[in-house]
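Order of the sequence lines fixes the chain letters, A, B, ..., with proteins taken first and strands second; residue numbering starts at 1 for each chain.
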Protein chains: 2
Amino acid sequence: MSTFDKPTNQNVPTPTVENYLKQILMVTLEENGSRVAMGKVATELAVTPGTATSMVKNMERDGWLKYYPRQGVSLTRKGRKVAMNMLRRHRLLETFLVETLGFDWSEIHIEAEELEHAISEKVLEKLDEFLGRPRYDPHGHPIPSKRGTIQRPSSQTLQNCDTGVTVRVESILDQESDFLKFAREKELLPGKAVSVIRSEKLADVITLKIEGNEPFSMGFRSAEKILVV
Amino acid sequence: MSTFDKPTNQNVPTPTVENYLKQILMVTLEENGSRVAMGKVATELAVTPGTATSMVKNMERDGWLKYYPRQGVSLTRKGRKVAMNMLRRHRLLETFLVETLGFDWSEIHIEAEELEHAISEKVLEKLDEFLGRPRYDPHGHPIPSKRGTIQRPSSQTLQNCDTGVTVRVESILDQESDFLKFAREKELLPGKAVSVIRSEKLADVITLKIEGNEPFSMGFRSAEKILVV
DNA sequence: GATACTATTTTGATTCATCAAAGTAATCAT
DNA sequence: ATGATTACTTTGATGAATCAAAATAGTATC
């Protein structure tokens with residue numbers, strides 16, 4: 001053994017590493033803190049906390065992220081680049097599944113989750129071209145560019161809209177199939193204009209109206225998942 | 001420990017198992033012997049012989065195939081079903097890559113190899129529908145049906161065609177990018193009519209002519225890879 | 001049939017990703 | 001601040017897939 005501690009240098013991420021990176025990026029984008037707590041990592045990836053810790057250590061060894069024990073992780077430039085690319089893959093695939101194959105937008109998340117690891121850069125490029133280089137996926141999320149930049153989404157949610165105002169839905173922050181079905185039923189879709197009929201902070205409920213539909217209500221917990229401008 | 005030796009029951013194949021199954025099926029279809037030698041398994045999957053042996057033992061444990069030590073393996077009904085499905089995935093994906101995304105047929109094999117493990121039954125079904133339920137892939141290979149049946153391909157190759165006859169190309173048995181490029185250049189494609197100008201057994205060479213092109217020659221080794229009717 | 005060569009199997013080790021359970025640090029509540 | 005709760009880390013083990021190298025069986029050659 002020399003001074004060097006094994007050159008186990010991984011410059012090519014395994015699918016698992018790709019998943020960790022993408023998930024960490026997504027949390028980073030949602031919350032605005034640059035460190036993601038280990039607990040969050042573990043639940044997002046549906047593994048035990050111990051697994052998350054040990055994975056993250058190896059990922060630090062390979063230069064994907066910085067690990068601050070008992071505080072959390074943050075991506076390095078190298079890690080962020082890969083993570084952005086995963087997000088791009090994911091969102092382009094979701095677009096393809098809805099636009100081309102006619103899937104319902106509530107059922108595509110898991111499918112894309114699998115495919116994003118298998119699709120090569122070459123196929124991705126052709127797919128992008130075929131789809132006409134879309135800039136938003138079916139949920140309204142911006143698709144990162146090839147160079148790894150992403151449009152900052154609105155930070156306003158339906159939750160903090162006051163009574164009387166009218167806003168436009170930008171995107172839906174939930175991947176849950178049931179919630180997406182509900183949103184579709186109510187026509188609470190990206191691009192739609194929504195009037196806030198009543199917002200009751202105390203009762204934790206908001207009542208909405210969309211052109212041509214019956215008014216309906218939803219709790220703040222749900223309203224928080226709808227980004228608007 | 002009871003009498004039972006671990007219920008490590010795998011009824012869901014891992015991607016690796018899927019690969020072994022598909023590859024074994026393909027060899028079974030090409031040669032007409034029902035046992036595939038371990039050496040063949042190892043080279044097809046590009047692993048060391050030892051690895052092949054140990055994988056195959058686990059696969060027998062899980063009921064995917066029968067293993068006859070020092071003789072070879074043959075698929076069980078269960079294994080064949082999965083293998084057929086893999087072949088279906090592979091060939092549908094190749095069709096998609098060529099027909100929809102505009103790839104050259106010489107560069108799609110590796111791409112499909114990756115995607116076939118990631119695509120779900122649901123997406124496969126939609127894709128099949130989108131493509132208009134094709135029955136042949138771009139190389140002319142029959143696509144197995146959803147129920148796992150496949151059309152027996154012609155067993156005649158260009159190699160054993162006599163001077164003077166004219167035949168129709170059915171499919172190309174090689175996945176090698178360079179060979180496929182050559183075939184495309186000469187328009188030696190599925191569906192095309194080919195006249196055998198001269199077949200010289202001793203010199204091991206065959207001279208061909210395709211409507212509207214210059215005649216050209218190829219060795220028997222290559223001619224063997226072209227199925228005709 | 002003894003020897004040589006080839007095909008296959010065995011053995012022992014390794015890497016990746018994971019879990020359960022035990023240990024430790026940090027934070028929260030009274 | 002002391003004790004309880006929550007968050008995180010460590011430890012030891014496991015299964016899947018692999019390799020290299022040694023052992024063994026089978027076949028071919030003279």
Side-chain angles (χ1 to χ4, degrees), chain A residues 1 5-24 27 31 33 35-74 79 82 86 113-114 117, chain B residues 1 4-24 27 31 33 35-74 79 82 113-114 117:
Chain A
M1 281 304 133
D5 228 13
K6 279 182 192 172
T8 326
N9 223 324
Q10 283 292 63
N11 272 314
V12 175
T14 64
T16 308
V17 167
E18 287 179 343
N19 270 336
Y20 276 71
L21 290 174
K22 188 188 72 170
Q23 227 52 59
I24 291 167
V27 175
E31 314 173 348
R35 291 200 185 162
V36 179
M38 290 311 292
K40 194 83 188 173
V41 174
T43 55
E44 287 293 309
L45 287 147
V47 295
T48 59
T51 300
T53 301
S54 89
M55 258 317 275
V56 149
K57 279 184 181 171
N58 292 331
M59 288 172 71
E60 169 158 72
R61 188 234 304 129
D62 295 339
W64 302 115
L65 42 71
K66 285 274 171 227
Y67 167 48
Y68 307 93
R70 285 179 202 271
Q71 297 190 70
V73 291
S74 69
V82 170
M86 292 314 294
E113 200 90 320
E114 283 302 309
H117 303 292
Chain B
M1 284 299 137
F4 300 105
D5 229 14
K6 281 184 192 171
T8 325
N9 223 324
Q10 284 290 64
N11 273 314
V12 174
T14 63
T16 308
V17 167
E18 288 179 343
N19 270 335
Y20 276 72
L21 291 173
K22 189 188 71 169
Q23 227 52 59
I24 291 166
V27 176
E31 313 174 348
R35 286 191 193 172
V36 178
M38 291 309 293
K40 195 84 187 171
V41 173
T43 55
E44 288 293 309
L45 287 146
V47 296
T48 59
T51 301
T53 302
S54 89
M55 258 317 275
V56 148
K57 279 184 180 171
N58 292 331
M59 287 172 71
E60 169 159 70
R61 187 236 303 129
D62 295 339
W64 302 114
L65 43 72
K66 285 276 171 223
Y67 167 48
Y68 307 93
R70 301 206 122 92
Q71 296 190 70
V73 291
S74 69
V82 169
E113 200 90 320
E114 282 303 307
H117 303 292

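- Spacing between atom CD of A:Q71 and atom P of C:dA25 amounts to 15 Å, rounded to whole angstrom units.
- Residues A:V73 and A:E60 fail the side-chain proximity criterion, which asks for heavy atoms closer than 4.5 Å.
- Position along DNA chain C of the nearest nucleotide to A:T48 versus B:S54 favours B:S54 as the more 5'-ward residue.
- Residue A:T53 places none of its side-chain N or O atoms closer than 4.0 Å to OP1 or OP2 of D:dC8.
- Contact annotation for B:G39: backbone-only contact, meaning every heavy-atom pair under 4.0 Å involves sugar-phosphate atoms and none involves a base.
- Side-chain nitrogen and oxygen atoms of B:T14 include at least one within less than 4.0 Å of the OP1 or OP2 phosphate oxygen of D:dA17.
- Residue order along DNA chain C, read from the 5' end via each residue's closest nucleotide, puts A:V17 first among A:V17 and A:R70.
- In this structure, A:M38 places its CE atom 10 Å from P of D:dT10, rounding to the nearest Å.
- Here C:dT6 presents its C1' atom at 16 Å from NZ of B:K40, a figure rounded to the nearest Å.
- Nearest to the side chain of A:M55, among D:dT9, C:dA17, D:dT18, sits C:dA17.
- Rounded to an integer number of Å, the gap from A:W64 CH2 to C:dA17 C1' is 17 Å.
- A sub-4.0 Å separation between OP1 or OP2 of C:dA17 and a side-chain N or O of A:Y20 is absent.
- Between the CG atom of A:N58 and the P atom of C:dT14 there is a distance of 16 Å, rounded to whole Å.
- The CE-P distance, from A:M59 to D:dT9, rounds to 14 Å in whole Å.
- Nearest to the side chain of A:A37, among D:dC8, D:dC19, C:dT8, sits D:dC8.
- A straight line from CG of A:D62 to P of C:dA17 spans 10 Å, rounded to a whole angstrom.
- Residue A:Y68 is classed as having no contact, given no heavy-atom separation below 4.0 Å to the nucleic acid.
- When A:T16, A:T14, A:N19 are each tested for a side chain to side chain donor-acceptor pair (under 3.5 Å) with A:H117, only one passes: A:N19.
- Between the side chain of B:Q23 and the backbone N or O of B:L45 there is no donor-acceptor pair closer than 3.5 Å.
- Look at NZ on B:K57: it is 8 Å from P on C:dT11, rounded to the nearest Å.
- When the side-chain nitrogen and oxygen atoms of A:T16 are compared with OP1 and OP2 of C:dA17, one or more of them lie within a distance under 4.0 Å.
- Counting heavy atoms from C-beta outward, A:N58 and A:W64 have side chains that stay 4.5 Å or more apart.
- Considering only heavy atoms from C-beta on, B:M55 comes within 4.5 Å of B:V17 through its side chain.
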